[in-house]
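Data first, discussion second: the structure below is written as structure tokens.
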Amino acid sequence: MKPGITPTNVERQMRENDFIVSKTDTKGIITYGNPIFIEFSGYTEAELIGAPHNIIRHPDMPRSAFKLAWDTIQSGNEFFAYVKNMSKDGGFYWVFTHISPDLDNSGRIVGYTSVRRCPKRSALEKIEPVYRQMVQAEKAADARNAITAGTQVLVDIMNQTGMGYEQLIFSL
Ligand SMILES: Cc1cc2nc3c(=O)[nH]c(=O)nc-3n(C[C@H](O)[C@H](O)[C@H](O)COP(=O)(O)O)c2cc1C
């Protein structure tokens with residue numbers, strides 16, 4: 001959670017044809033945001049450009065979800081997830097996100113692009129309790145093992161359902 005911002009229960013909902021787009025450098029520093037990103041985040045373009053992308057991180061999101069995201073995109077793969085974000089006023093908005101690496105001519109990763117669309121409400125009902133369990137597991141573990149404990153919640157679900165991560169996300 002960002003210091004000074006208290007999360008509220010005020011939700012903003014993406015419209016059917018909205019796409020929220022942002023780009024970062026290799027470290028997750030924002031280099032571009034489209035007008036809808038600016039609108040939903042509640043920050044000005046000047047506040048967003050140059051800020052770390054965790055500026056809109058919501059405390060309800062498990063750390064282990066972002067670890068999985070970074071591991072996936074840093075290894076050159078695309079990543080899909082439902083994400084709860086926090087606006088500048090403390091309100092929240094859910095997205096279905098796709099993050100992919102931007103490559104230069106020699107195939108080196110030079111940054112990342114994320115495109116988010118309106119999430120299915122029925123999927124949010126399923127992923128919210130999973131994230132809650134992941135956050136609980138992270139908090140219950142000592143700091144050194146928090147990511148492993150959070151990730152284990154997902155791994156258990158994948159084992160129970162026999163699905164890989166992407167398959168699981170698309171089944172929601
Ligand atoms: C292209 C791109 C888009 C991202 N979009 C978001 C986002 O919308 N919300 C978010 O909380 N984190 C997003 N992240 C992840 C953040 O960089 C960060 O890892 C995350 O907010 C967790 O913050 P923390 O590591 O400080 O806990 C994005 C990362 C990249 C590379």
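Sequence positions, counted from 1, serve as the residue numbers for this chain. Just so you know, ligand 1 is whichever comes first in the structure, and atom 1 is the first atom listed for that ligand. Please read all numbers here as calculations on a predicted model, not as lab measurements.
Remark: Arg144 CZ is loosely packed, at most 12 non-hydrogen atoms of other residues, nucleotides or ligands lying under 6.0 Å away. Around atom CG of Asn9, no more than 12 heavy atoms belonging to other residues, nucleotides or ligands sit under 6.0 Å away.
In this view, Glu45 satisfies the salt bridge (charged side-chain N to carboxylate O under 4.0 Å, His left out) rule with no residue, not counting sequence neighbours. For Lys88, the salt bridge (charged side-chain N to carboxylate O under 4.0 Å, His left out) test picks out Glu47, with sequence neighbours left out.
Listed by first then second residue, pairs satisfying ring pair (Phe, Tyr, Trp, His ring centres under 6.0 Å) with a partner in residues 118-148 number zero, not counting sequence neighbours.
Gln160 and Asp156 form no side-chain donor-acceptor contact under 3.5 Å, judged by distance and modelled atom types alone.
Closer than 4.0 angstrom to ligand 1 sit non-hydrogen atoms from Thr24, His53, Asn54, Ile56, Arg57, Phe66, Trp70, Ile73, Asn85, Ile99, Tyr112, Ser114, Arg116.
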